[in-house]
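Working notes for the structure below.
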Amino acid sequence: MEKYNHKKIEKKWQEKWEKDEPYKAEDFSKKEKSYLLVEFPYPSGDGLHVGHPRPYIGMDVIARKRRAEGKNVLFPIGWDAFGLPTENYALKTGIHPREVTKQNTDNFRRQIKMLGISFDWSREINTTDPKYYKWTQWIFLQMFKKGLAYKASVAINWCLSCKIGLANEEVVDGHCERCGGETEKRQKEQWMLAITKYADRLDKDLDDVDYLEPIKIQQRNWIGKSEGAEISFDIKGRDEKIDVFTTRPDTIFGATYMVLAPEHQLVQKLKEQITNFDEVEKYIKDTKKKTEIERTAEGKEKTGVELKGVKVINPANKEEIPVFIADYVMVEYGTGAIMAVPAYDERDNDFANKFNLLIVESNLVDKDEVIKKVNGKKVVKYKLRDWVFSRQRYWGEPIPIIHCQKCGSVAVPEEDLPIELPEIEDYKPTDSGESPLVKATDWVNVKCPSCSGEAKRETDVMPNWAGSSWYYLRYADSDNDEAFADEKNLKYWTPVDWYNGGMEHTTLHLLYSRFWHKFLYDIKVVPTHEPYQKRTSHGLILAEGGEKMSKSKGNVVNPDEVVENFGADSLRLYEMFMGPFDQAIAWSTDNIVGVRRFIEKVWRINEKVKDIKSNIALDSTIKKVGEDIETMKFNTAISTLMILVNEMEKKEEIAKEDYASLLVLLAPFAPHTAEELWEKLGGKDSVLSQKWPEYDEIKTIEETAQIAIQIDGKVRGSIEVSVDETEEKVKEKALRDENVKKWTEGKNVEKVIYIKGKIVSIVTS
RNA sequence: GCCGGAGUGGUGGAAUUGGUAUACACGUACGAUUCAAAAUCGUAUGCCGCAAGGCUUGUGGGUUCAAGUCCCACCUCCGGCACCA
């Protein structure tokens, strides 16, 4: 038989799959549907690195198993292509982002196809395609109409020398990543989405879905529901009050000072009264330069300034207490003000120690009573904040709003969608901080849809997260021009049965898309209240040294080379075998030879296949491989197959039916090799259309077991017993064992414990 | 700092979820095959020790007949922290 030639085999089958399209999902098939989803990639200019395909291969294994189980599988792919890197590349080179995106997606598509992933390419989508973003804009309009999209003043990063707004990622240690100049926070009007209106449901409905527990916990902590009270403190000698939010109203007698966020409005209002306003102002200015992480990351060292001349009155005991501003209080959370109880709160305690403030151990009082007594009210607060939805950029979906002097912000009529991005020469944001789109005056100046007067288009665009918040719905009906997807298609395909993605997307993308989905459910355009039934995650693949792969470090491993040298099936098997799927792991090109040798072994065993009766018991293997795939323990599924293949190798002859079962089990991991060997075996159709093998549970149960014998916690011997032997007989046998006798000689056997089928534990004294 | 996760041989990792730690694979050594090499096959391979035996799952404590697994404290690394995707 000829040698295993991965190039020849992989080319042959990929051409056939391209022609026959065996992975096309069928709308409304009578078969049970299974919708499997991976996060669609951002097509960067660097091309695919070996980390990208790990989740694709993992879900591909599951998709292929599902098909073998007779399901109608939808396993789609597309491109999440709006965003900063492409725009920055365009800024540097002058090449239009559309052109850059096309080159990058062409390259990504070629690379993914080279790996034999069973995506349904007929449903490929691209968030930058006007036919797609028409519907992203449409969804935004529905939110606008329901009052969920609104404008507010928000702090953004501002580079003082480039005079442009910066993404958080572009700010390094308070300096601009491009020019190194200083940055600061600057207030700017931005479009916001009121995700906080959904906070309670986003929290509660986690009960209804099957997400990995850490994912649920992280989302819950991010939403940060807390029940507490709002209590007003009178400002001494003024009519105003300051509202604080506290989860511990019962500690109010220990409240010895108050802290406001430096940005709190009242600080400016009290300017006249504050005797050290210069100092206060300087502190506020310094705070502007800090990121939120820096503000909370300073460890024990707390900073702040007292508002001298201002006192407030603790409503519980009528004591006058001082007021500070400090950056450990955030203006966005609660009311932006706290009553500080140093006896009960660690941060307040640190602060009180540093500023020599009173620490009073107070008697705790009944929560409800004290709230009543001080005229407070019970409230529920969330850490979750509304979503800043504007970007002053070019490469994003235009926000479909028109600003009219008379009518204010007016929705673009739906029949005018999509509002396409205009052509412009210069992608640089303007000095005033506005989007480069303001320069496209022909596009900007329009008639107001409502009064036909002079008006201007909104020039901010949407963030990258917009298109990815609903893309899984589009796959159900990717060519529809009448709706984002037809109701019938949505009813058939959604929800997504299994969504795998990176842990790093847990609190943003995953939460954002749940929010959009719930909104769409509320306006009755999707049939389910949650988008994803199940969510799992994969770990990153790191470079050989354990560092993150990045172009700048020059440690990126390109799958093109790996496929050239070892083949797609070896790459696939290696990525599944290298370690636990959900953990980060370092790449090692040296270790690929192991799985390559395994494939070649399977290839060689083909020669020993005879028309004989089955001579290997496969039940345990089938059970283990199947269960491991379902729990994404792909590494142990493969080692189980390796054990089987090692056993087959030792035999003179292999039964055709046993080998056929092996090929069906192997096919999800190494589809090209499995197809080729299936064909050589003279198997019917394709290995892909074979039924997943069944097993007999009874045959997976061992009849005898090796029982370890522990004496005083140390293993001193082992005996073989039948699994249904009585406890008494096993204990007797254990005590008669020669090794046991040696170790118990001259000692008192105090206790003998038998754990069925596992261990005998003898305790002596 | 806060939230989530991880730490096991020379290396990647396995461990029925409290029951014989180191499966599977890489590497290494020796042997077979070969004119030779590659490939392949076989044997060995946690550490200390001639052996008997002892020790070993990031560190230190604890619970238990029994701890990689549970509890407490700590150290290190990874992901997220709201404008990267």
Side-chain angles (χ1 to χ4, degrees), chain A residues 3 39 41-42 44 80 82-85 88 154 156-157 165-171 190 195 212-215 217-222 224 291-300 328 332 347 383-393 463-465 468 502-509 511-512 537 539-540 542 546 548 574 577-580 582-588 590-595 597-598 600-601 604 624 633 635-636 638-643 646 649 706-718 750-753 755-764:
Chain A
K3 255 186 83 183
E39 285 166 348
Y42 180 83
S44 74
D80 184 16
F82 274 133
L84 261 191
N88 286 342
V154 187
I156 64 160
N157 300 306
L166 297 175
N168 284 345
E169 195 191 45
E170 297 173 300
V171 180
Q190 304 272 27
I195 188 172
L212 290 178
E213 207 49 38
I215 297 177
I217 294 169
Q218 231 173 295
Q219 284 211 348
R220 284 216 159 96
N221 290 340
W222 183 261
T291 66
E292 193 167 315
I293 296 171
E294 286 167 337
R295 285 173 61 166
T296 46
E298 279 178 62
K300 303 284 171 254
Y328 78 95
E332 297 92 344
R347 289 160 305 176
K383 282 209 190 88
L384 185 67
R385 310 206 285 255
D386 275 347
W387 173 4
V388 182
F389 200 67
S390 291
R391 300 291 183 271
Q392 290 73 44
R393 291 283 177 165
N464 166 274
W465 310 104
S468 61
M503 207 61 199
E504 70 276 15
H505 291 123
T506 301
T507 53
L508 298 181
H509 159 66
L511 200 66
Y512 288 153
S537 71
L540 287 178
L542 307 169
K548 219 171 167 171
Y574 175 61
F577 181 66
M578 63 195 299
D582 59 355
Q583 272 174 44
I585 195 162
W587 179 265
S588 161
D590 287 348
N591 284 343
I592 303 176
V593 292
V595 293
R597 282 177 197 155
F598 166 67
E600 289 183 9
K601 266 187 207 173
R604 269 185 272 118
K624 173 89 174 132
K633 291 175 164 181
N635 51 338
T636 48
I638 292 167
S639 63
T640 304
L641 289 173
M642 285 174 168
I643 291 168
N646 289 344
E649 215 194 10
Q706 282 289 327
I707 303 290
I709 303 168
Q710 275 186 0
I711 297 164
D712 296 330
K714 296 228 153 102
V715 177
R716 299 299 187 189
S718 81
E750 221 166 60
K751 220 192 308 185
V752 182
I753 298 162
I755 305 295
K756 195 171 180 220
K758 281 172 182 160
I759 205 160
V760 175
S761 186
I762 299 168
V763 187
T764 69

List the steps, then state whether side-chain contact (heavy atoms from CB on, under 4.5 Å) holds for Glu170(A) with Asn88(A). CA-CA 11 Å; Glu170(A) 297 173 300; Asn88(A) 286 342; 3.8 Å; yes

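Residues meeting the ring pair (Phe, Tyr, Trp, His ring centres under 6.0 Å) test with Phe577(A), sequence neighbours left out: none.
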Throw together a table of side-chain donor-acceptor distances under 3.5 angstrom for residues 707-718 of chain A, partners on residues two or more places apart or in other chains.
| from | atom 1 | to | atom 2 | distance (Å) |
| --- | --- | --- | --- | --- |
| Asp712(A) | OD1 | Thr764(A) | N | 2.9 |
| Asp712(A) | OD1 | Thr764(A) | OG1 | 3.4 |
| Asp712(A) | OD2 | Thr764(A) | OG1 | 2.6 |
| Ser718(A) | OG | Gln706(A) | OE1 | 3.1 |

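A side-chain donor from one of Asn646(A) and Lys601(A) sits under 3.5 Å from a side-chain acceptor of the other.
Note: Gln218(A) CD to Met503(A) CE = 4.5 Å, rounded to the nearest 0.5 Å.
Between U64(B) and U59(B), the distance separating the two P atoms is 23 Å to the nearest Å. C35(B) and C48(B) have their C1' atoms separated by 45 Å, given to the nearest Å. Straight-line distance between the P atoms of C2(B) and C74(B): roughly 11 Å, to the nearest whole Å. With C1' as the reference atom, G18(B) and A38(B) are 50 Å apart, rounded to whole Å.
Counting to the nearest Å, the C1' atom of U40(B) and the CZ atom of Phe598(A) are 17 Å from each other.
Side-chain proximity of Lys633(A) to G4(B), U17(B), G19(B): nearest is U17(B). Residue Arg604(A) places its side chain closer to C41(B) than to any other of C41(B), C55(B), G4(B).
Side-chain nitrogen and oxygen atoms of Lys383(A) include none within less than 4.0 Å of the OP1 or OP2 phosphate oxygen of C2(B). Within the structure, every side-chain polar atom (N or O) of Arg716(A) is placed at least 4.0 Å from both OP1 and OP2 of G53(B). In this structure, Lys548(A) reaches the G79(B) phosphate: one of its side-chain N or O atoms is under 4.0 Å from OP1 or OP2.
Taking the nucleotide of RNA chain B with the nearest heavy atom to each of Val388(A) and Thr640(A), the more 5' of the two is matched to Thr640(A). Taking for each of Ile585(A) and Asn464(A) the nucleotide of RNA chain B with the nearest heavy atom, the 5'-most of the two is the partner of Ile585(A).
Stem regions for RNA chain B, each three or more consecutive Watson-Crick or G-U pairs with both distances under 3.5 Å and listed by first number, read B:1-7 with B:75-81, B:10-12 with B:24-26, B:27-32 with B:40-45, B:46-48 with B:53-55, B:58-62 with B:70-74.
When every heavy atom of Glu39(A) is checked against every heavy atom of Gly502(A), the shortest pair comes out as OE1-N, 3.0 Å.
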